[in-house]
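Proteins come first, then strands; the chains are lettered A, B, ... in the order of their sequence lines, and each starts at number 1.
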Protein chains: 2
Amino acid sequence: MSIEQSRKLTIYDLARLAKSSPSTVSAVLNGTWQRRRISRKLAQRILDLAEREGYSTNMQARALRRDRSGILGMILPLYDNRYFSSIAQVFEAEARRRGAFTIVSCTNRDPAQEREAARMMLAYRVEHLICTGATNPDVIAEMCGGAGIASLNLDLPGTAAPSVISANREGARRLTDALLDRLEEKQTDGERVLFIGGRAEDHNTRERIEGFRQAREGRGLTTEATDIVPCDYAAEKAQAALEAYVGREGRLPAAMFVNSTISLEGIVRWLRLGDHDMNDIIMGCFDWDPLAAAFHPRLIMMRQDVPTMIARLFDWIDTPPEDPTIRLEVMPEIIGDPTAT
Amino acid sequence: MSIEQSRKLTIYDLARLAKSSPSTVSAVLNGTWQRRRISRKLAQRILDLAEREGYSTNMQARALRRDRSGILGMILPLYDNRYFSSIAQVFEAEARRRGAFTIVSCTNRDPAQEREAARMMLAYRVEHLICTGATNPDVIAEMCGGAGIASLNLDLPGTAAPSVISANREGARRLTDALLDRLEEKQTDGERVLFIGGRAEDHNTRERIEGFRQAREGRGLTTEATDIVPCDYAAEKAQAALEAYVGREGRLPAAMFVNSTISLEGIVRWLRLGDHDMNDIIMGCFDWDPLAAAFHPRLIMMRQDVPTMIARLFDWIDTPPEDPTIRLEVMPEIIGDPTAT
DNA sequence: TATGAATGCGCAATCGGTTGTGCAACTATT
DNA sequence: AATAGTTGCACAACCGATTGCGCATTCATA
């Protein structure tokens with residue numbers, strides 16, 4: 001261990017201590033010493049010294065000189081559900097594996113916060129910016145373009161940068177199919193099936209609604225507009241929306257397609273408050289939460305395939321696609337459906 | 001909007017465009033122009049120019065020169081529960097409010113990852129490092145000390161840096177009291193009450209066990225060692241531990257103190273698998289999850305007061321405490337206990 | 001014993017801001 | 001009209017790393 005330094009140790013200090021030069025020390029410490037024909041002996045001496053003195057490279061200086069920060073940036077709506085928190089964790093783990101550093105910023109689905117976060121990330125010269133679930137990814141992509149930084153969209157697609165998203169329509173179709181299978185088992189035909197949660201403006205919600213419609217159509221069922229309730233991402237809104245729905249219809253839906261765990265929270269709360277039995281109603285949720293699964297094993301959930309999505313993202317970080325508007329869909333996995341293998 | 005530049009715009013470019021000098025441009029852009037007696041007219045001209053050309057300060061260069069990065073670092077075990085994700089979000093929001101940037105790194109309760117993350121944070125010259133739930137905070141504090149960086153502990157305390165933690169013992173006492181009240185209501189005296197989850201080595205778990213013991217002692221109850229099962233933070237381990245416990249004892253405990261939502265997940269799963277009625281067993285959980293609350297309204301939960309904890313943390317960031325070993329406890333709130341106001 | 005090549009390392013410029021200092025040009029004072 | 005103070009700005013030296021280039025040795029070859 002070194003003596004506590006008030007001033008951080010630099011390559012100049014090490015050069016002095018090693019009776020060498022800053023350029024040599026630099027080459028040794030960043031691994032380019034062989035190419036610069038530094039003798040192994042001197043290199044070892046400097047490495048030992050650096051270790052003993054607790055030297056740590058000043059990344060700001062390195063970034064400035066190299067014109068590469070070594071930082072990957074990500075903006076994210078929130079951390080507080082399993083989908084987004086897992087995105088953040090997997091992203092960070094993979095970046096770390098490659099020796100990159102990550103900066104993640106939560107922007108609360110707020111366009112102004114998204115822009116501000118992107119501005120800061122660009123100021124810190126991130127090498128790539130991943131926009132996850134951005135309300136308007138194209139604005140961010142344009143900011144990045146102006147700064148010469150590559151951006152990528154995740155979860156919600158854009159038209160100005162490559163996008164990795166879930167196969168929302170197909171996923172929703174499968175989830176709806178599972179719900180309808182259950183409904184048929186119960187032999188309660190003609191009952192209402194409610195789609196609830198998400199935002200009508202957002203691409204994923206629209207796609208999932210379309211998948212929902214198509215699955216019903218496949219069984220000769222038509223879907224009423226009143227059965228589609230994209231009441232935004234908030235437990236209270238889902239709770240209120242369900243209350244209103246049941247008030248209008250005079251009875252519970254037989255099955256529900258719940259679009260996100262945050263909506264699920266409101267739905268479950270409302271059912272509990274009204275003392276309804278959770279098992280009387282067939283529920284599917286587009287998103288996965290293991291605690292919800294534990295509490296309600298008959299709940300069918302679509303688990304989005306985060307590891308694969310992040311892997312594809314890094315493929316594009318390594319080799320940017322020629323087509324900047326390319327969109328890749330990753331299939332989510334159905335959980336809790338006994339008819340699925 | 002500016003023409004797309006291949007090379008980023010610098011203050012030198014702006015100086016040329018404005019027919020001024022780099023030092024003047026710098027002063028204007030970082031707000032010190034009044035102190036440097038730059039005329040308002042020139043300042044405005046430069047600001048307009050910067051805006052029009054889409055200039056963005058290179059934070060690496062600024063950090064290098066100022067010897068201040070403007071970055072606050074935080075290490076965190078995980079994002080995937082409401083407690084830690086809320087810590088990350090509130091921390092980031094507060095830092096942003098103060099114009100600071102944050103870097104958060106998940107280290108999976110792994111000492112090696114914690115050290116590595118701290119090393120990187122120090123290389124990026126964070127101005128403060130917050131160690132949240134670190135397995136060995138003192139190691140990190142020492143690394144920071146050697147680098148002349150202030151560190152602070154959150155959630156789990158250390159002895160080498162100031163710590164903000166929850167009032168674990170008192171919180172556990174209250175939670176246990178609530179459980180025992182319920183038990184008495186049911187008039188099923190003499191039944192077993194199980195403490196399950198957490199790590200025997202970790203300070204919080206030990207304190208909570210102590211609070212659990214004290215609350216029972218307060219009612220003249222002694223606590224068997226076999227009723228204390230700190231089986232680590234993992235759903236599967238809690239599930240297995242409960243299975244083993246019930247196997248040994250021959251019956252379910254009448255009440256359970258579940259130490260974390262991750263343990264709760266395993267507990268609930270096991271109960272479901274065994275087809276036990278959740279309402280036959282009185283449950284308390286030290287940590288809060290709104291989805292769990294929705295599914296199980298009779299579940300009593302201690303919600304740790306994250307906003308207050310973060311506020312205290314920033315108080316210390318602003319004015320470091322004289323005593324570096326100071327420890328502050330923040331009272332968590334009990335949720336779902338009808339006897340509490 | 002020259003000559004050319006390879007080895008081993010240091011010099012100095014550079015990345016893009018920041019900031020102490022100095023120096024004109026003006027204004028106010030006597 | 002001479003002096004002192006103020007206003008408005010530019011110069012140049014940093015911050016700590018990186019890297020093109022060059023120079024002195026040593027080694028191999030003729």
* Around A:Arg98, counting heavy atoms of other residues, nucleotides and ligands shown, do more than 12 lie under 6.0 Å from its CZ? -> yes
* Atom-to-atom span, CE of A:Met59 to C1' of D:dT18 - whole angstrom -> 14 Å
* Distance below 4.0 Å between B:Ser20 side-chain N/O and D:dA10 OP1 or OP2 -> yes
* To do: May I ask you to say what B:Arg62 touches in the nucleic acid, namely base, sugar-phosphate or nothing, with a heavy-atom cut-off under 4.0 Å?
  => sugar-phosphate
* **Between A:Thr159 and A:Asp138, a side-chain donor and acceptor under 3.5 Å** => yes
* Structure fact -> note: B:Tyr12, atom OH; C:dT18, atom P; distance rounded to Å ~ 10 Å
* Integer-rounded Å distance: C:dG16 C1' and B:Leu9 CG -> 12 Å
* Give A:Asn58 one of three labels, base, sugar-phosphate or nothing, depending on what nucleic acid heavy atoms sit under 4.0 Å from its own. => sugar-phosphate
* Spell out yes or no: do the side chain of A:Arg40 and the base of C:dG8 have one donor N/O and one acceptor N/O closer than 3.5 Å? => no
* Asked: For A:Ser23 and D:dA17, is the shortest distance between a side-chain N/O and OP1 or OP2 below 4.0 Å?
  -> no
* salt_bridge(A:Arg45, A:Asp48) N-O dist < 4.0 Å -> no
* Touch class at under 4.0 angstrom, heavy-atom based, for A:Leu42 against every strand present -> sugar-phosphate
* Consider the side chain of B:Ser21, meaning its heavy atoms from C-beta on, and name the nucleotide among C:dG17, C:dT7, D:dC11 that approaches it most closely. => D:dC11
* Between A:Ser166 and A:Gln304, does any side-chain donor sit less than 3.5 Å from a side-chain acceptor? -> yes
* Identify, between B:Lys19 and B:Arg125, the residue whose nearest nucleotide on DNA chain D lies closer to the 5' end. => B:Lys19
* **Phosphate OP1/OP2 of D:dG16 contacted by A:Thr10 side-chain N/O (<4.0 Å)** => no
* Asked: Is the closest side-chain donor-acceptor distance between B:Tyr233 and B:Asp202 under 3.5 Å?
  -> yes
* Got a donor-acceptor pair under 3.5 Å from the side chain of A:Arg66 to the base of D:dT18? -> no
* Asked: Would you say D:dT18 has OP1 or OP2 under 4.0 Å from some side-chain N or O of A:Ser26?
  -> yes
* Would you say the base of D:dC9 and the side-chain of B:Thr24 have a donor-acceptor pair closer than 3.5 Å? -> no
* Does C:dT18 have OP1 or OP2 sitting under 4.0 Å from an N or O in the side chain of B:Thr32? -> no
* For B:Arg35 and D:dT7, what is the distance between atoms CZ and P respectively, to the nearest whole Å? -> 16 Å
* Structure fact -> Whole-Å distance, A:Arg68 CZ to D:dT19 P, equals 10 Å
* In terms of side-chain geometry, is the basic nitrogen of A:Asp67 or A:Arg62 positioned less than 4.0 Å from the acidic oxygen of its partner? -> no
* Asked: Taking only N and O in the side chain of B:Tyr55, is any of them less than 4.0 Å away from OP1 or OP2 of C:dG17?
  -> yes
* **Whole angstrom value for the distance that separates P of D:dA17 from OH of B:Tyr124** => 14 Å
* To do: Go through the N and O atoms of the side chain of A:Arg36 and the base of C:dG10, and report whether any donor-acceptor pair is under 3.5 Å.
  => yes
* Nearest whole angstrom, please: distance from the C1' of D:dT18 to the CG of A:Asp67. => 12 Å
* To do: Rounded to the nearest angstrom, tell me the gap between atom CG in B:Leu64 and atom P in D:dG16.
  => 7 Å
* Is there a side-chain polar atom (N or O) of A:Asn30 under 4.0 Å from OP1 or OP2 of D:dT18? -> yes
* Residue whose nearest DNA chain D nucleotide is more 5′ - B:Val25 or B:Arg65 -> B:Val25
